[in-house]
Amino acid sequence: MKFTKKRLAHIVFESNDKASKLFDVVLLFMIFGSIFVAILDSVASLREDYGEAFLILEWLFTILFTIEYLLRVWLSRKATGYIFSFFGMVDLLAILPSYLSFFVLNSQLFTVVRALRLLRVIRILKLGRYVAEAEYLTKSLKSSSHKIMIFIGFVITIVLIMGTFMFIIEGPEHGFTSIPVGMYWAIVTLTTVGFGDIYPVTPLGQLVSSLIMLLGYAIIAVPTGIVSSEMASQKRKDELLLGDKICPKCRYTPLLQADNYCKNCGEKLF
C-alpha cells in the first residue's frame, strides 16, 4: 500500500478504517504503558531494582511520542493551528519532561506532567462528540452560581462561629491556640474528614463537635441538590426547543435544537 501524505493524514487524524483504528489502538497502549511505567518508577523499591529498565522504557515511549507529535505537525493542514491547539499543547507537554532532564536539575518533578498523556485518550476514543452532553452541567452550574455562592458564604459563617466557640471553650491548652486554628478544626470536622490532630476534650466542646459533624452530613447534600434541580430545569427548557432536526446519516428524530451530535449514531449535526 502506498502511503501518501493524504493517506497518512487520514490514518493519524481519522478512525473510520482498519489502518486508522490500528494506529489509535497502538497509540492507546503506548499512552497507558508510559503512565504505568511512570507509576512503577515512583515506587522506591521498584526503582532501585528496575530503574534502568524503567529509564529505557520511558525514553522509548518519549521517542515514539516525539515521532508521532512531529508527524501530526507535518500532516496538519495548518501546523501552527495544531501546535497551539489544546491537544497540540498536551502532546508537547507530554514529551517535554524527558528532554528537560538534560538541562534542569531535579527534573523528576516534571514527570507529573506525564499524566497529561491520559487526556489524549479523549481524542483517541473520540469522546469529544459527547462533550455536548456536558452542556447541561455547564449551564446548570452557571444558573446556580449565585445559590452556590450564598451557600459557601453560609458555610464560611458557620466555620467562623464554630471555630471561635471552640477557641473559647477548649483554649490553647487543648490545642486550639487561635481562632484560625479553631476554624481549621471546624472545616476538617464539617467536611467529615477528621484528621484527629486537634480534638475537643471538654464535654461542652465534644457537644459542639457532635453538632457540627451532624451538620456536615446535612450540608454535603445541599450543593448536589442545587445543581441537580438546575439540571432538571435546564433539561425541561431544552425539551421545549424540540425542532425538526433529523440526523442526515441514520434519520433519527426528534432531536433537540441544542444537540450537536445525533443521540443514535453520533453523527455531527449541522
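Here the structure is a predicted model, which is why all the values come from computation and not from measurement.
In this structure the side chain of Glu58 never reaches within 4.5 angstrom of the side chain of Asp41, judged on heavy atoms. Contact annotation: the side chain of Leu215 approaches that of Ile219 to within less than 4.5 Å [non-hydrogen atoms, C-beta and beyond]. The shortest distance between side-chain heavy atoms of Tyr69 and Leu92 falls below 4.5 Å. A heavy-atom distance below 4.5 Å is found between the side chains of Phe176 and Ile198.
In this structure, Glu48 places its CD atom where only 12 or fewer heavy-atom neighbours from other residues, nucleotides or ligands lie under 6.0 Å away.
Hydrophobic clustering (ILVMFWY, side-chain heavy atoms < 4.5 Å, transitive): Ile67 and Val90 are in distinct clusters. Transitive grouping of hydrophobic side chains (ILVMFWY, heavy atoms separated by less than 4.5 Å) keeps Met183 and Tyr199 in distinct clusters. Both Val193 and Ile212 are assigned to one and the same hydrophobic cluster, defined by single-linkage of ILVMFWY side chains at heavy-atom distances under 4.5 Å. A continuous path of hydrophobic side-chain contacts links Val26 to Val12 [ILVMFWY only; heavy atoms under 4.5 Å]. No chain of hydrophobic side-chain contacts below 4.5 Å, direct or via other Ile, Leu, Val, Met, Phe, Trp or Tyr residues, connects Ile63 to Leu96.
Residues satisfying the side chain to side chain donor-acceptor pair (under 3.5 Å) criterion with Tyr184, sequence neighbours excluded, are Asp197.
Between Ile187 and Thr191, the closest heavy-atom pair is O-OG1, 2.7 Å. Annotation for Ser76 and Tyr82: closest pair OG-CB, 3.4 Å, computed over non-hydrogen atoms. Across Phe54 and Leu40, no two heavy atoms sit closer than the pair CZ-CB, 3.6 Å. Of all heavy-atom pairs spanning Ile11 and Ser20, the tightest one is CA-OG, 3.4 Å. In this structure, Val201 and Gln206 approach most closely via the heavy-atom pair O-NE2, 3.3 Å. For the residue pair Trp185 and Pro200, the shortest heavy atom distance occurs at NE1-CD, 3.9 Å.
Interatomic distance, CZ of Phe165 versus CG of Leu160, reported as 10.0 Å (0.5 Å rounding). Residue Met30 holds its CE atom at 12.0 Å from CD1 of Ile35, rounded to the nearest 0.5 Å. Interatomic distance, Ile148 CD1 to Phe154 CZ, rounded to the nearest 0.5 Å: 15.5 Å. In this structure, the separation between OG1 on Thr66 and CD1 on Ile95 is 4.0 Å, given to the nearest 0.5 Å. Distance check, rounded to the nearest 0.5 Å: CG of Leu57 to OG1 of Thr62 gives 10.5 Å. The structure places OH of Tyr50 at 14.0 Å from CD1 of Ile56, a figure rounded to the nearest 0.5 Å.
Under a 3.5 Å cut-off, the side chain of Ser209 and the backbone N or O of Gly205 do not form any donor-acceptor pair. Glu170 contributes a side-chain N or O that, together with a main-chain N or O of Thr202, makes up a donor-acceptor pair within less than 3.5 Å.
For the side chain to side chain contact (heavy atoms under 4.5 Å, CB included) test with Ile152, the passing option among Ile150, Val155, Ile156 is Ile156; the others fail.
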